[in-house]
Amino acid sequence: MQPSRDFITALVERHVAEGRYTEIVTRFPPEPNGFLHIGHVKAIALNFGIAAKFGGRCHLRFDDTNPETEDESFVRAIQEDLHWLGYDWGEHLYFAADYFERMYGIAEELVRKGKAYVDSATEEEIREARGSLTEPGRATAYRDREVAENLDLLRRMRAGEFEDGEHVLRAKIDLVSPNMVMRDPVLYRIRHARHYRTGDEWCIYPMYDYAHCLGDAFEGVSHSFCTLEFENNREIYEWVLEAVGFEEPRTHQYEFARLNLDYTVLSKRKLVRLVREGRVSGWDDPRMPTVAAFRRRGVPAEALRSFSGMVGVTKAEARVDVEKLEYAIRDALNGVAPRVMGVLRPLRLIVTTWPEGSEEWLDAPSFPPDVGKEGSRKVPFARELLIEQDDFLVEPPEGYRRLAPGREVRLRYGYVVRYDSHDVDPATGEVTVVRVTHDPASRGGDAKGRPVAGTIHWVSSGHALPAELRLYDRLFNVPDPSDVPEGTDFTVHLNDESLVVIGDARVEPSLADAPSGTRWQFERTGYFWPDPVDSSPERLVLNRVVTLRDRWTRKEGTPRAEKGASLAALTPVGPGPDRGRGERDAARAHDPDLASRMASYREALGLGEGEADLLTGDRATSAFFEGALEVHQQAKSVAAWVINELPREVRGRPLTELPFGPDELGRLVGLVDEGAVSRVAAKKVLAELADRGGDPEVILDRMGLRQVADRGAVFVHVEKVLSNWPAKVEEYQAGKRGLLGFFVGQVVRESGGGADPKVAKAILEERLG
RNA sequence: GGCCCCCUGGUGUAAUGGCAGCACAAUAGCCUUUGGAGCUGUUGGUCCAGGUUCGAAUCCUGGGGGGGCUACCA
């Protein structure tokens, strides 16, 4: 079984196999203006993962081209997060700012080549002249300046002779491009701002579309991965590198879908707002989806990494269930977190049969048997205990397996106790104390074979440590917080109960001796660890990392969240000219020759309208079709091959630049029609033609793909296949008819590609009954 | 005259044109001194319509739906 690969791994694998690059180099390019979040982790895992998988390297490059928002503190925080996540870039730490001089030199070069100009229109004018999604842009008054003037202006821009916004450097590309990004994008802007890294050395700063691709190229990056919203920017990425003259093999950009997580926001803009407006305590507030927050909350780095592996890499915009993240966290913690007992909302439990003032230290294993780890601690048992308020109900619902009047329950690692009586506060109606008797024979929790309703956790009232517990829940009430009613914003969905602080919880005394950084599992409630900022030996403050899975309260009816929409998957390298019907109609309207061909294809050749339409959308296609038709006069089948099979192999190349011509296609189709080659085999031949060209018949013989339609010969293969797959045969005969295709495929493979699948199928049907 | 990208169970994803699989969630049971963990089973899917093909999730066409793009942000 092949391990399944995402489309990016498959792409790089292909490049490696082709020997396209001498080394695989990726990069993670954060802008130092915010903290890393779980969405970045996906990109980080991808970039570092690809580099590691193919023995290459991954750079860390700060994309610091905007002095107004960036800051050294973010540079440090990002590196700290990355290291904590477990990634290392060795000496490959780079800053876009360090390339400013080189980038500027290239800008002058572009000006000299006439590929860039200084535009002195205002920002407003430029925007207006750029047109809109439906209107073409037009030139401003400065587009056709002389090279010398442009150069002079650019130098003076750099020298600081102008105010912010007086001029910009623009690429001279295409003002009517359907891709807005290509309408003469701004390359440099004047900004008299102090840069955290270059200080006051510069007053002009490059834009992303100019700086990013150059940074990649300077560093010898082979694969530049970014998220889907940069799809339109790929064209400018290529334009700049070509204009500058970077030659293959060089970097190219590939896009994948960013991560979206249920019940949270992952846009930097929104996260900044939460911090600025004090909705959270900071970037590392444990409710935030940032790496720093997960770390503070107690989530192990491993959980974040394994989560990234679970979500996959595709081009489909998707929103991942938070349950998946929670699963990854529990999965990482289950095997390593020692079990302890802690009571969140204490209720007094008096063991009336236990002597006053007496205590007993019981042995409690730190892990259940299935975890398979040694170790235990002592827990004190006494007359007055504390249990969870939820674990005693005067009127228990059906299926309740805890303490209730008349019932017995096991105190974990302690004794089986039987209900005796309880008191109620007449004012509030709340239970204030429960009295039970214990069975001395059940010491350690051994119920001696009698059925006990359930097992509950507890602490000794006199020995327990007080602790503040911080219970975190999802920050938002809805799966997609950015989906908001008109006139409001995502903050309306903030969950008021995302943080519940329990000031007076009680935990077993062993917590005082635990090594720092320990994550515990509070049995039956969840995973906790000391808050790294606020906890101290004098005052325990514990964060709940994640709850335990809880089938009981789930059953009680918390409705599962409904899901939002989704989207989706793969990037071919070259853009395929996608012509729609409208475009083909337009082509024919402008070219009477095409129009008359469409008519004659239908009348003289007997093709259907759809076929005739597809073949006459442009001259190259119709010429190709006719060329093939000259060699093999079967319009129907030639048309089918040109329409259905040719495009896949062409992959966006102009038909005139193929390593084979209509002649070869015509002969190939002829061979198919005369039965010399099966369709499957012919497709292989076509692929070979598209790759390297050649003579169809020669390829056919070389690859041993001559059709074997002889019944006897195919029969032999059928027998072989049937005896190779006895289990499949049984399944088929038990009714799994879908397997027929599998057998046909096997027979064709067994024959080396030559067997006629029609014949094979017929024989198989007979043989299998 | 907008351009580009995407659509597989509830969710996230796999499947050289040949057995629609995996994970999370759900559900039933087993096991259990955690209503945890684990184990076993079950439910449920190729957006629609045509076409090509012995055979289509996959190729072609049309339609439907979702997303991105009109910063001197990245």
Side-chain angles (χ1 to χ4, degrees), chain A residues 4 6 31 33 63 65-66 68-69 123 126-127 130-135 164-165 168 177-181 183 186 188-191 205 207-208 212 228-233 255 257 262 268 310-312 314-321 323-324 327 330 334-335 339 368-371 399 401 410 412-413 444-447 452 454-457 521 523-525 548-553 555 560 562-563 565-569 571 575 580-582 586 608 610-611 613-614 640 643-645 647-648 679-680 683 728 731 736 738-746 748 756-758 760-762:
Chain A
S4 65
D6 58 85
E31 187 189 9
N33 69 347
D63 232 350
T65 54
N66 184 357
E68 291 174 319
T69 58
E123 187 174 347
I126 291 175
R127 189 189 354 265
R130 182 140 39 216
S132 72
L133 298 178
T134 51
E135 301 153 21
D164 286 5
V168 289
S177 171
N179 181 357
M180 297 295 295
V181 175
R183 319 247 262 226
V186 171
Y188 270 93
R189 64 200 190 280
I190 300 173
R191 203 89 327 164
Y205 291 93
M207 305 294 294
Y208 169 87
H212 196 90
L228 251 26
E229 65 268 29
F230 291 98
E231 264 171 338
N232 293 321
N233 302 61
E255 309 86 21
D262 267 355
K268 210 178 275 182
M310 283 192 278
V311 302
T314 65
K315 286 189 78 160
E317 192 76 40
R319 189 195 329 284
V320 178
D321 240 313
E323 309 251 12
K324 209 149 195 154
Y327 170 83
R330 293 184 188 116
N334 178 46
R339 315 290 130 126
D370 56 272
V371 170
R401 304 194 343 216
R410 170 167 37 231
R412 177 134 241 231
Y413 310 128
D446 183 355
V452 176
T455 303
I456 63 174
H457 59 276
Q521 183 195 103
E523 296 210 41
R524 305 208 306 133
T525 65
L548 247 34
R549 234 169 133 243
D550 183 354
R551 288 207 171 85
W552 171 245
T553 54
K555 198 175 286 181
R560 300 287 69 210
E562 73 290 357
K563 280 293 130 47
S566 82
L567 303 228
T571 324
R581 173 76 200 235
E611 292 164 315
D613 164 41
L614 290 166
I643 292 168
N644 294 312
E645 308 300 343
R648 168 174 25 205
R679 289 184 51 89
V680 220
K683 283 190 217 178
K728 297 287 187 192
E731 279 181 58
K736 192 168 177 184
L739 246 25
L740 187 60
F742 165 78
F743 287 123
V744 173
Q746 288 300 318
V748 171
D756 183 340
K758 269 187 243 187
K761 191 178 190 180

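Rounding to whole angstrom units, CG of residue A:Asn644 and C1' of B:G50 are separated by 12 Å. Taking atom CD on A:Glu68 and atom P on B:A74, their separation rounds to 10 Å, with Å as the unit. In this structure, CH2 of A:Trp552 is placed 21 Å from P of B:U32, rounded to the nearest angstrom.
For A:Asp370 and B:G36, a side-chain-to-base donor-acceptor distance below 3.5 Å is present, hydrogens and geometry of angles not being considered. One donor-acceptor pair, N or O on each side, does fall under 3.5 Å between the base of B:C72 and the side chain of A:Arg191. No hydrogens or angles were tested; on distance alone, nothing pairs the side chain of A:Lys761 with the base of B:G55 as donor and acceptor under 3.5 Å. Donor-acceptor pairing under 3.5 Å, judged by distance alone, is absent between the side chain of A:Lys268 and the base of B:A74. With hydrogens and angles left out, the side chain of A:Gln521 and the base of B:U34 share a donor-acceptor pair within 3.5 Å.
Rounded to the nearest Å, the gap between the P atom of B:C69 and that of B:G62 is 26 Å. Of the C1' atoms belonging to B:A25 and B:U13, the separation is 14 Å, rounded to the nearest Å. A gap of 8 Å separates the C1' atoms of B:C59 and B:U52, to the nearest Å. The P atoms of B:C60 and B:U27 are separated by 42 Å, rounded to the nearest whole Å. Annotation: B:G44 and B:C5 have their C1' atoms spaced 29 Å apart (nearest Å). On the C1' atoms, B:U34 is 22 Å away from B:A26, given to the nearest whole Å. Remark: the separation of the C1' atoms in B:A37 and B:C73 is 48 Å, to the nearest Å. Going from the P atom of B:C31 to that of B:U40 covers 15 Å, rounded to whole Å.
Side chains of A:Glu523 and A:Tyr413: a donor-acceptor N/O pair is present below 3.5 angstrom, by distance only.
If you check every strand for non-hydrogen atoms under 4.0 Å, A:Gly312 touches nothing. Counting any heavy atom pair closer than 4.0 Å across all strands shown, A:Val680 reaches a base atom. Among the atoms of the strands shown, none is found under 4.0 Å from any heavy atom of A:Leu228. Counting any heavy atom pair closer than 4.0 Å across all strands shown, A:Asn232 reaches a base atom. Here A:Asp756 lies out of heavy-atom contact (under 4.0 Å) with every strand. Within 4.0 Å of A:Val168, counting heavy atoms only, lies at least one base atom of the nucleic acid. A:Arg410 comes within 4.0 angstrom of a base, heavy atoms only. No contact: A:Gly610 has no heavy atom under 4.0 Å from any strand. Residue A:Thr455 is classed as a sugar-phosphate contact, given heavy-atom separations below 4.0 Å to backbone atoms only.
Counting only heavy atoms from C-beta on, A:Asp6 has its side chain closest to B:A14 among B:G10, B:A14, B:A74. Residue A:Asp550 has its side chain nearest to B:G35 when only B:C3, B:G36, B:G35 are considered. Ranking B:U61, B:U34, B:C59 by closeness to the A:Arg339 side chain, first place goes to B:U34. With B:A20, B:C54, B:C60 as the choices, the nucleotide that has an atom nearest any side-chain atom of A:Pro757 turns out to be B:C54. Between B:U70, B:U61, B:A23, one nucleotide has an atom nearer to the side chain of A:Leu614 than all others, and that is B:U61. Candidate nucleotides B:A74, B:G18, B:G17 were compared by shortest atom distance to the side chain of A:Lys683, and B:G17 ranks first. The listed nucleotides are B:G35, B:G12, B:G67; the one nearest the side chain of A:Arg401 is B:G35. In the set B:U34, B:G68, B:C19, the nucleotide with an atom closest to the side chain of A:Leu739 is B:C19. Residue A:Glu31 places its side chain closer to B:C73 than to any other of B:C73, B:C72, B:U34.
Phosphate contact (OP1/OP2 of B:G36, side-chain N/O of A:Arg524, threshold under 4.0 Å): absent. Residue A:Thr134 has no polar side-chain atom (N or O) positioned under 4.0 Å from OP1 or OP2 of B:U70. Side-chain nitrogen and oxygen atoms of A:Thr314 include at least one within less than 4.0 Å of the OP1 or OP2 phosphate oxygen of B:U13. Contact check, A:Arg551 against B:G36: a side-chain N or O comes under 4.0 Å of OP1 or OP2. Remark: A:Arg183 is not in phosphate contact with B:G2, judged by side-chain N or O atoms under 4.0 Å from OP1 or OP2. Taking 4.0 angstrom as the limit, A:Lys758 places a side-chain polar atom (N or O) nearer than this to OP1 or OP2 of B:C54. Between A:Arg549 and B:A37, a side-chain N or O to OP1/OP2 separation shorter than 4.0 Å is present. Of the side-chain N and O atoms in A:Tyr208, none sit less than 4.0 angstrom from OP1 or OP2 of B:C73.
Within the shown strands, nothing qualifies as a pairing partner of B:U8 under the Watson-Crick or G-U definition with both distances less than 3.5 Å. Taking a pair to require two hydrogen-bonding distances under 3.5 Å in either a Watson-Crick or a G-U wobble arrangement, B:A26 pairs with B:U42. The partner of B:G2 is B:C69, judged by Watson-Crick or G-U wobble contacts that both fall below 3.5 Å. As the counterpart of B:A57, no nucleotide is assigned, since no Watson-Crick or G-U wobble pattern has both distances under 3.5 Å.
For A:Lys728 and A:Phe743, the positive end is not near the middle of the six-membered ring at less than 6.0 Å and at most 45° from its axis.
Against the 90° criterion about 0, the sugar-base torsion of B:A71 places it in the syn range.
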